[in-house]
Amino acid sequence: MTTQFVLANTRLAPVPLTPEVLLHLADEAIELWERTETDQGGQMPPPFWAFAWAGGQALARYVLDRPDLLAGRDVLDLAAGSGLVAIAAMKAGAARVTAVEIDALAVTAIGINARANDVEVTARLADILETEPDADVVLAGDVFYSREMTRRMLDYLRRAAARGATVLVGDPGRAYLPKDHLTLLAEYDVPVPQTLEDTPVKRTTVWSVNP
């Protein structure tokens with residue numbers, strides 16, 4: 001049922017900043033959210049999985065252009081949404097990619113999108129932020145959107161960096177971006193749907209996380 005729902009409410013299209021990647025994308029967030037709750041019979045998280053968010057686009061572009069960063073390595077994509085960054089990591093030569101989400105529909109969408117791009121991504125439904133990181137590379141796109149999420153996410157990302165992982169994040173200027181713990185690597189002008197953001201293009205940054 002969830003596979004049918006994702007396919008019925010999206011269309012396969014190239015991602016603006018990373019046309020190498022195809023995703024099943026929606027046009028309207030609020031209408032899709034309402035349909036999601038009707039279909040699932042209760043309250044559901046917003047359908048983040050149905051859109052190519054600016055932070056994820058920038059991070060995906062960054063790793064696609066630098067395959068040496070990921071070649072042969074185990075990669076974790078946190079709060080993976082559509083799976084955009086995870087798919088880009090596989091296309092960039094990662095040995096294995098695990099995409100973690102707390103939304104069951106997102107996990108379904110990741111699987112659908114991975115197949116559309118002819119790559120293998122392991123999608124997990126889990127909250128792993130209190131566990132010990134063990135990936136070689138940790139990627140997170142657009143995760144600093146609330147104070148509590150930033151606190152939990154930053155703690156996990158810094159622990160991963162302290163264990164020797166390469167930790168990269170993409171951010172479109174969210175209010176809680178913890179710049180004091182990050183090092184700027186790149187900037188992009190990212191096309192985004194105006195139904196999601198207040199502008200058709202978001203200046204978006206990619207950072208490494210300091211231990």
Side-chain angles (χ1 to χ4, degrees), residues 15 17-18 20-21 23 48-49 51-103 106-107 109-111 113-114 117 119-129 131-145 149-150 152-172 174 177-179 181-188 190 202 204-211:
V15 177
L17 196 66
T18 58
E20 305 97 316
V21 178
L23 293 179
F48 296 131
W49 52 268
F51 301 93
W53 296 86
Q57 288 196 58
L59 188 54
R61 181 74 271 155
Y62 187 85
V63 299
L64 283 167
D65 290 343
R66 295 164 179 81
D68 55 302
L69 289 175
L70 305 186
R73 305 179 78 187
D74 288 341
V75 176
L76 173 66
D77 179 15
L78 278 174
S82 65
L84 167 58
V85 176
I87 292 165
M90 283 301 297
K91 286 180 173 286
R96 285 168 293 277
V97 178
T98 300
V100 177
E101 255 292 344
I102 59 171
D103 182 349
V107 171
I110 291 165
N113 288 328
N117 288 274
V119 298
E120 184 175 339
V121 173
T122 300
R124 287 184 58 198
L125 180 66
D127 181 342
I128 66 167
L129 295 184
T131 67
E132 285 304 310
D134 61 1
D136 301 323
V137 180
V138 179
L139 306 173
D142 208 343
V143 294
F144 301 124
Y145 51 81
M149 177 56 74
T150 296
R152 297 188 68 221
M153 187 66 67
L154 182 61
D155 181 65
Y156 183 90
L157 296 175
R158 294 190 71 197
R159 283 188 284 121
R163 292 170 64 96
T166 298
V167 183
L168 306 176
V169 299
D171 187 87
R174 301 301 183 204
L177 177 66
K179 291 183 180 180
H181 301 285
L182 310 176
T183 299
L184 181 63
L185 299 176
E187 297 183 66
Y188 301 89
V190 182
K202 292 285 286 187
T204 305
T205 47
V206 174
W207 308 75
S208 63
V209 177
N210 306 324

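All residue numbers refer to positions in the sequence shown, counting from 1.
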Participant: Test of understanding: with side-chain contact (heavy atoms from CB on, under 4.5 Å), list the residues that count as partners of Asp134, not counting sequence neighbours.
Facilitator: none
Participant: Can you measure from NZ (Lys179) to CG (Asp171) and round to the nearest 0.5 angstrom?
Facilitator: 8.5 Å
Participant: Please name the residue in the list Leu69, Asp74, Leu70 that meets the side-chain contact (heavy atoms from CB on, under 4.5 Å) test with Asp136.
Facilitator: Asp74
Participant: Please report the closest heavy-atom contact between Ala80 and Ile110, naming both atoms and the distance.
Facilitator: CB-CD1, 3.8 Å
Participant: Mind checking the OH-CG spacing from Tyr62 to Leu139? Nearest 0.5 Å is all I need.
Facilitator: 11.0 Å
Participant: For a side-chain contact (heavy atoms from CB on, under 4.5 Å) check, start with the C-alpha distance between Leu76 and Ile128, then their side-chain angles and the critical distance, and finish with the verdict.
Facilitator: CA-CA 11 Å; Leu76 173 66; Ile128 66 167; 3.7 Å; yes
Participant: State the OG1-CH2 distance between Thr183 and Trp207, to the nearest 0.5 angstrom.
Facilitator: 8.5 Å
Participant: For the side chain of Asp142 and the backbone of Tyr145, is there at least one donor-acceptor N/O pair under 3.5 Å apart?
Facilitator: no
Participant: Working note: Leu23 + Ile87, criterion side-chain contact (heavy atoms from CB on, under 4.5 Å); need CA distance, chi angles, decisive distance, verdict.
Facilitator: CA-CA 10 Å; Leu23 293 179; Ile87 292 165; 4.1 Å; yes
Participant: Hydrogens and angles aside, do Arg73 and Thr166 bring a side-chain donor and acceptor to less than 3.5 Å of each other?
Facilitator: yes
Participant: Checking Gln57 side chain against Ala52 main chain: does a donor-acceptor pair fall under 3.5 Å?
Facilitator: yes
Participant: Hey, does the side chain of Glu187 reach the backbone of Thr205 with a donor-acceptor pair shorter than 3.5 angstrom?
Facilitator: no
Participant: Can you give me the closest heavy-atom contact between Lys202 and Ala54, atom names plus distance?
Facilitator: CB-CB, 4.1 Å
Participant: Is a side-chain donor or acceptor of Arg159 paired with a backbone partner of Thr131 at a separation under 3.5 angstrom?
Facilitator: yes
Participant: Minimum heavy-atom separation for Ile102 and Ala126, please, with both atom names.
Facilitator: CG2-O, 3.5 Å
Participant: Take Leu157 and Leu78, measure what side-chain contact (heavy atoms from CB on, under 4.5 Å) needs, and give me the verdict at the end.
Facilitator: CA-CA 10 Å; Leu157 296 175; Leu78 278 174; 3.8 Å; yes
Participant: About how many Å separate OG1 of Thr18 and CG of Leu64, when rounded to the nearest 0.5 Å?
Facilitator: 6.5 Å
Participant: Please verify the inter-ring angle class for Trp53 with Phe48; under 30° counts as parallel, over 60° as perpendicular, anything in between as tilted.
Facilitator: perpendicular
Participant: After noting the C-alpha distance and the side-chain angles of Glu101 and Trp49, does the key distance pass the side-chain contact (heavy atoms from CB on, under 4.5 Å) rule?
Facilitator: CA-CA 10 Å; Glu101 255 292 344; Trp49 52 268; over 6 Å; no
Participant: For a quick test of reading the model, state the closest non-hydrogen atom pair linking Arg174 to Phe144 and the distance between them.
Facilitator: CB-O, 3.3 Å
Participant: Drop me the distance from Arg163's CZ to Arg158's CZ, to the nearest 0.5 angstrom.
Facilitator: 15.5 Å
Participant: If you measure from CG on Leu17 to CG on Leu59, what distance do you get to the nearest 0.5 Å?
Facilitator: 11.0 Å
Participant: With a cut-off of 6.0 Å (strictly less than), are more than 12 heavy atoms of other residues, nucleotides or ligands near CD of Glu120?
Facilitator: no
Participant: Does a sphere of radius 6.0 Å around CZ in Arg124 hold more than 12 heavy atoms from other residues, nucleotides or ligands, not counting ones at 6.0 Å or beyond?
Facilitator: no
Participant: Which pair of non-hydrogen atoms, one from Glu20 and one from Lys91, has the smallest distance, and what is that distance?
Facilitator: O-CE, 3.4 Å
Participant: Is the backbone of Leu129 close enough, under 3.5 Å, to the side chain of Arg152 for a donor and an acceptor to pair up by distance?
Facilitator: no
Participant: Could you pull out the closest heavy-atom pair between Val63 and Ala89, with the gap in Å?
Facilitator: CG2-N, 4.3 Å
